[in-house]
J.: 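Here's a structure for you.
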Amino acid sequence: MTTARAGIPPATLQQIRDSVDIVDVVSRYVTLSKTGQNFRGLCPFHQEKTPSFTVTPARQMFYCFGCGTGGDVFTFLMRKEGLEFPEAVRDLAERAGIPLPASQGFSQSQTGQRKRLEGLHALANTWFQQNLHDPSKGRSALAYLSERGLELPTLKEFGVGYALPSWDGLTNYLTRQGATPSDLVASGLVAAKDAQGSSKSTRFYDRFRGRVMIPIHDLGAKVIAFGGRVFEEGTPKYLNSPDTALFQKGRVLYGLHKARETTPHLDSLMLVEGYFDVLALHQAGIRQVVAPLGTALTSEHAVLLRRFVNTVVLIFDGDAAGTGAVLRALDVFRESGITVKVVVMPQGHDPDSYVRAHGAEDFLALQDQALTLLEFAVAQRLEGAAHATIEERTRRVDDILRILSKVSNPIAKNEQIQRVAERLGVKPQLLLDRYPAVLDRRQGGPQSQGETPTRGKRRLDKKEFREEREIVSFMVQGSLHPEHFKELRPEDFRSPLYRRLVEIGMRHLDREGGIDLSGFFAETGMDETCRDAVAELAVSVTHFEDRDEYIQGCLRALTQKNLRTRLDELIAQLRIAEREQRADDVDCLNSQIETLRGRKAGLASSTLAPS
């Protein structure tokens, strides 16, 4: 990244920064609310309950006070979309309508792989849909979808298509459109197999054959993968795209882009098990619904959901597999800050079949009997316990107490202990006495989100190097004037980080002696430690009655600290010189000490920076 960023003129990067609103870019992924001059939301890079992710439009920077991640709009897009720096520059430049000449390393031949794969998926989606609606090719697939109650408007809205049963239909189509073999394989749409025989050539074939095809979109509504459902003979029943540069199935929820599009201000989301559940519910007018992609729920899913809603309703089949999935969700959502409720479908039904048989109103009414995730987990372990053996009841109690050990809310935990005691016919105190024996014995539990060593170190820095931090913060925010920079000396800064930032700042002074922030941000952006620190300082907001006086106070306080340190060093040298009876050194050191004491006394008479 260093070379790429260094190869693009700072003026070009600054032009893109100035033309793109970081709030608009971040809002594609995070729900932001305005707080004063900044915007705040839940961090997209780690799980948290209380918003600590801050965006400052005035300085086009973001920073999370929880995990310490920060940077400019390029950094955000790179981290969120997994882009290389040139790709992020191209994406934002296209959005801003700023041309990037080939001389800056953006020739057509160097277009990022991500863009090429997006193009292949768009072409494949068109081809699949054409197949489905071609009377000679898609009749059987369309009949199957009709039997499942899906209507043409729904199929077209979600881009449902059909993969022909041939081995190379899509491969040939994409090749005719100019796709290279390497991109075909990288897309996950085509697989490669070494041919047998003396030629040893590689054979390419379609990954999806004879399947109903359901496109999977990112939050920007771009097709990034597919799910294929066999409807005649064949296995597996469902086949998803493999993980690619565009797609990681543990981080994507099917239908989320539609839920956001149809209901911009989401309060809650229903999470169902499969594609067809989402399609059927949407068709019935229930649009706040998503599904995982044939995989168990992950912590990344929880982070994704928390960006948009505070409540999630898990809707699962009542079989053993569905129940197991709900119980596993307890760990996923434990520290997410999301309220989770559970609806178990009536026997023999999934959301798809139920809404077709009973309608949207009855389906929504099922939520009236929803349990919280904790209540559901406890109820599952209590089922049949009253008639179980003593050993079995003890085992179930231990399971329940382990579940409750994961609950941070003491009131909810106590309520469940009371209910468990009532169901088992024992005194609550017996459960409380048993509780310590089954708790996880990790010392202090897992480190809470946001309380990272980095963050703790920064707290120490704020106290130990307060004046240094304040001065660098003013520099980053463009508040230092040329006369302030005349007083700055990097060697006066004891913090290696702040000293380095001042050194970089001094290298980017303009003709008037003030800082050129475009060059400063370009250089600090090449170093992750500097970038995160600059982002944190840039989004920090402090109000002063007299900012200039405060800056002068910080400069004086920094000078005083350095004078004190230098005095201590000279006094220590003086004592050694006196012991060794080096008269000339004693006289010289005494002279230096008196001079420094005079400077220190002069500063002491001035008003110091507030503490």
Side-chain angles (χ1 to χ4, degrees), residues 77-78 80-84 86-88 90-91 94 106-132 137-138 141 158-195 201-230 234 236 238-257 275 291-295 300:
L77 204 59
M78 289 167 63
K80 199 71 201 76
E81 293 288 356
L83 303 180
E84 294 296 326
E87 294 176 311
R90 177 185 291 278
D91 186 294
E94 289 176 354
F106 289 97
S107 63
Q108 187 63 31
S109 63
Q110 293 175 309
T111 300
Q113 184 190 54
R114 185 180 182 87
K115 292 290 185 184
R116 299 196 301 274
L117 298 188
E118 287 174 353
L120 289 180
H121 279 80
L123 288 169
N125 192 35
T126 299
W127 190 73
F128 291 141
Q129 290 184 69
Q130 289 173 347
N131 293 337
L132 180 65
K137 297 177 181 177
F158 281 85
V160 178
Y162 171 52
L164 300 178
S166 65
W167 283 87
D168 55 7
L170 179 62
T171 301
N172 291 336
Y173 172 74
L174 294 178
T175 300
R176 288 196 300 271
Q177 306 303 313
T180 64
S182 60
D183 280 347
L184 288 174
V185 174
S187 72
L189 298 169
V190 172
K193 182 179 181 180
D194 290 336
S201 61
T202 301
R203 175 172 167 260
F204 299 95
Y205 61 93
D206 297 354
R207 184 178 298 275
F208 299 99
R209 303 179 303 279
R211 293 175 180 271
V212 167
M213 298 300 294
I214 300 170
I216 299 162
H217 300 77
D218 64 13
L219 292 176
K222 294 177 181 177
V223 178
I224 56 173
F226 290 92
R229 205 307 187 175
V230 69
Y238 286 97
L239 178 66
N240 287 327
S241 292
D243 284 1
T244 67
L246 296 181
F247 171 68
Q248 294 81 43
K249 61 178 176 287
R251 298 180 179 180
V252 178
L253 290 168
Y254 178 69
L256 184 55
H257 76 292
Y275 306 114
L293 303 174
T295 183
E300 286 88 354

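Starting from 1, each residue takes its place in the sequence as its number.
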J.: If you measure from OG1 on T171 to CZ on R176, what distance do you get to the nearest 0.5 Å?
T.: 10.5 Å
J.: Just by modelled atom types, is the R116 backbone N or O under 3.5 Å from a matching donor or acceptor in the D183 side chain?
T.: no
J.: Which heavy-atom pair separates G227 from N240 by the least distance, and what is that distance?
T.: CA-OD1, 3.5 Å
J.: Which distance, rounded to the nearest 0.5 Å, do you find between the CG of L239 and the CZ of F226?
T.: 12.5 Å
J.: Considering only heavy atoms from C-beta outward, does the side chain of V252 approach that of F247 to under 4.5 Å?
T.: yes
J.: About how many Å separate CD1 of I216 and NZ of K249, when rounded to the nearest 0.5 Å?
T.: 10.0 Å
J.: What is the distance from atom CG of L246 to atom NZ of K115, rounded to the nearest 0.5 Å?
T.: 10.5 Å
J.: Of L174, L184, L117, which meets side chain to side chain contact (heavy atoms under 4.5 Å, CB included) against L189?
T.: L174
J.: Side-chain polar contacts of residues 123-131 - donor-acceptor pairs under 3.5 angstrom, sequence neighbours left out - could you list them?
T.:
from	atom 1	to	atom 2	distance (Å)
T126	OG1	A122	O	3.1
N131	ND2	W127	O	3.3
N131	ND2	Y162	O	3.1

J.: Got a second to check how far H217's NE2 is from I224's CD1, nearest 0.5 Å?
T.: 9.0 Å
J.: Testing the basics here: between L120 and A179, what is the closest heavy-atom pair and its distance to 0.1 Å?
T.: CD2-CB, 3.5 Å
J.: Report yes if the side chains of Y238 and I214 come closer than 4.5 Å at any heavy-atom pair, otherwise no.
T.: no
J.: Would you say the side chains of Y173 and D206 form a donor-acceptor pair under 3.5 Å?
T.: no
J.: Using side-chain hydrogen bond (donor to acceptor under 3.5 Å, both in side chains) as the criterion, list what pairs up with Y254, not counting sequence neighbours.
T.: none
J.: Within a reach of under 6.0 Å around CZ of R251, are more than 12 heavy atoms found that belong to other residues, nucleotides or ligands?
T.: no
J.: Supply the atom-to-atom distance N172 CG to S166 OG, rounded to the nearest 0.5 angstrom.
T.: 8.0 Å
J.: Closest heavy-atom contact between R207 and P242?
T.: NE-CD, 3.6 Å
J.: How far apart are the closest heavy atoms of V185 and A192, and which atoms are they?
T.: CG2-CB, 4.0 Å
J.: Does any non-hydrogen side-chain atom of D168 lie less than 4.5 Å from one of F204?
T.: no
J.: Step by step, would you call L293 with Y275 a side chain to side chain contact (heavy atoms under 4.5 Å, CB included)?
T.: CA-CA 8 Å; L293 303 174; Y275 306 114; 3.6 Å; yes
J.: Quick check: closest heavy atoms across A225 and H121, and the distance to 0.1 Å?
T.: N-CD2, 3.6 Å
